[in-house]
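Inspection log for the structure reproduced underneath, given as structure tokens.
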Amino acid sequence: GLSALLASIDRSMNGVRVTEEEFEGQPCEVFHGVWDATVLGNYDKALGNYKASLVPYFPDFVQLYLSKETRLPVQLIYFKNNLNEAGKVTGHRALMQLEFRNYKFDPIAPETFRFQLPSGRDEIDQTEEYLRLLKQSEAAFKGENVQPVAN
């Protein structure tokens, strides 16, 4: 979903700048991002022999438009650089453009999410265990040495 897409951009791209622009008449802050060198290196290794066939479809940078009023994304564009014969950037084209419209907010009663522990069960806080697993997962993604998880 949208949250996973935004998390992926946050994890794998570095901000170059933020500009103020309008999208369909509404003021926006536009995040301009390029690939993090480490992440890009990991992709290069993972693609191996397939890299050459996928390069034309792999974006070079992203622009994410956030409404100044709501702070919600209204447009996301992945761009590919156009290169001349010498490999110099001569412009760019959109590879994929997503527009987010007609957000609907349905208020949900807080009691909808109130959890009651079934009788005879003990509450166990596993927050630290989940955080440890997330850190190990992140380290593995970065190619760092990870210790096996003990059960």
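The figures that follow rest on heavy atoms only: side chains count, while hydrogens, waters and symmetry mates do not.
- Minimum heavy-atom separation, Cys28 to Tyr65: CB-CD2, 4.2 Å.
- Note: Phe23 CZ to Ile77 CD1 = 7.5 Å, rounded to the nearest 0.5 Å.
- Residues Glu24 and Gln75 fail the side-chain proximity criterion, which asks for heavy atoms closer than 4.5 Å.
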Review point. Can you list the steps and then say if Phe113 with Ile108 is a side-chain contact (heavy atoms from CB on, under 4.5 Å)?
Key: CA-CA 9 Å; Phe113 296 102; Ile108 299 174; 3.6 Å; yes
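- Within the model, atoms CZ of Arg121 and CD of Glu123 stand 13.5 Å from one another, a figure rounded to the nearest 0.5 Å.
- Distance check, rounded to the nearest 0.5 Å: CG of Asn81 to CG of Asp60 gives 4.0 Å.
- The hydrophobic clustering, which links ILVMFWY residues whose side-chain heavy atoms are closer than 4.5 Å, places Val16 and Ile9 apart.
- For the atom pair CE (Met96) and CG (Leu76), the distance works out to 6.0 Å, reported to the nearest 0.5 Å.
- Distance check: Lys45 NZ to Leu47 CG gives 12.0 Å after rounding to the nearest 0.5 Å.
- In this structure the side chain of Ile124 never reaches within 4.5 angstrom of the side chain of Glu129, judged on heavy atoms.
- Ser8 and Ser12 make their closest contact through O-OG, 2.6 Å (heavy atoms, listed as atom of the first residue, atom of the second, distance).
- Counting heavy atoms from C-beta on, the side chains of Leu2 and Leu98 never come closer than 4.5 Å.
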**Study point:** CA sep, side-chain torsions, deciding dist, call: Leu64, Leu6, side-chain contact (heavy atoms from CB on, under 4.5 Å)
**Key:** CA-CA 9 Å; Leu64 174 63; Leu6 296 175; 3.7 Å; yes
Practice item. Please test Leu131 against Gln136 for side-chain contact (heavy atoms from CB on, under 4.5 Å), starting from the C-alpha separation and ending with a verdict. Key: CA-CA 9 Å; Leu131 291 175; Gln136 283 186 333; over 6 Å; no
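- Proximity of Leu95 to Pro59: side-chain heavy atoms (C-beta onward) are separated by under 4.5 Å at one or more points.
- Put simply, the residue from Trp35, Phe79, Tyr50 that forms a ring pair (Phe, Tyr, Trp, His ring centres under 6.0 Å) with Phe58 is Trp35.
- Few gaps surround OH on Tyr103; more than 12 heavy atoms of other groups in view lie less than 6.0 Å from it.
- Transitive grouping of hydrophobic side chains (ILVMFWY, heavy atoms separated by less than 4.5 Å) keeps Val39 and Val34 in distinct clusters.
- Side-chain N/O atoms of Gln26 and Glu69 include no donor and acceptor closer than 3.5 Å.
- When every heavy atom of Thr38 is checked against every heavy atom of Asp36, the shortest pair comes out as N-OD2, 3.0 Å.
- When only modelled atom types and interatomic distance are considered, Gln126 and Glu128 share no side-chain donor-acceptor pair under 3.5 Å.
- The minimum heavy-atom distance between His32 and Thr19, with the atom names listed, is NE2-OG1, 2.9 Å.
- Formation of a donor-acceptor pair under 3.5 Å by the Lys135 side chain with backbone atoms of Tyr130 is not found in this model.
- Residue Asp44 holds its CG atom at 3.5 Å from NZ of Lys51, rounded to the nearest 0.5 Å.
- Between Leu83 and Val89 there is a side-chain heavy-atom pair separated by less than 4.5 Å.
- In this structure the side chain of Leu72 never reaches within 4.5 angstrom of the side chain of Leu66, judged on heavy atoms.
- Using a 4.5 Å heavy-atom threshold, the side chains of Arg71 and Glu29 count as touching.
- In this structure, Glu85 places its CD atom where only 12 or fewer heavy-atom neighbours from other residues, nucleotides or ligands lie under 6.0 Å away.
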Point to revise | ring-ring contact (aromatic ring centres under 6.0 Å, His included) assessment of Tyr78 paired with Phe61 | key: CA-CA 6 Å; Tyr78 285 103; Phe61 64 98; 9.8 Å; no
Review point. Passes side-chain contact (heavy atoms from CB on, under 4.5 Å), Lys68 versus Glu20? Steps please.
Key: CA-CA 9 Å; Lys68 285 185 85 171; Glu20 292 190 10; 3.2 Å; yes
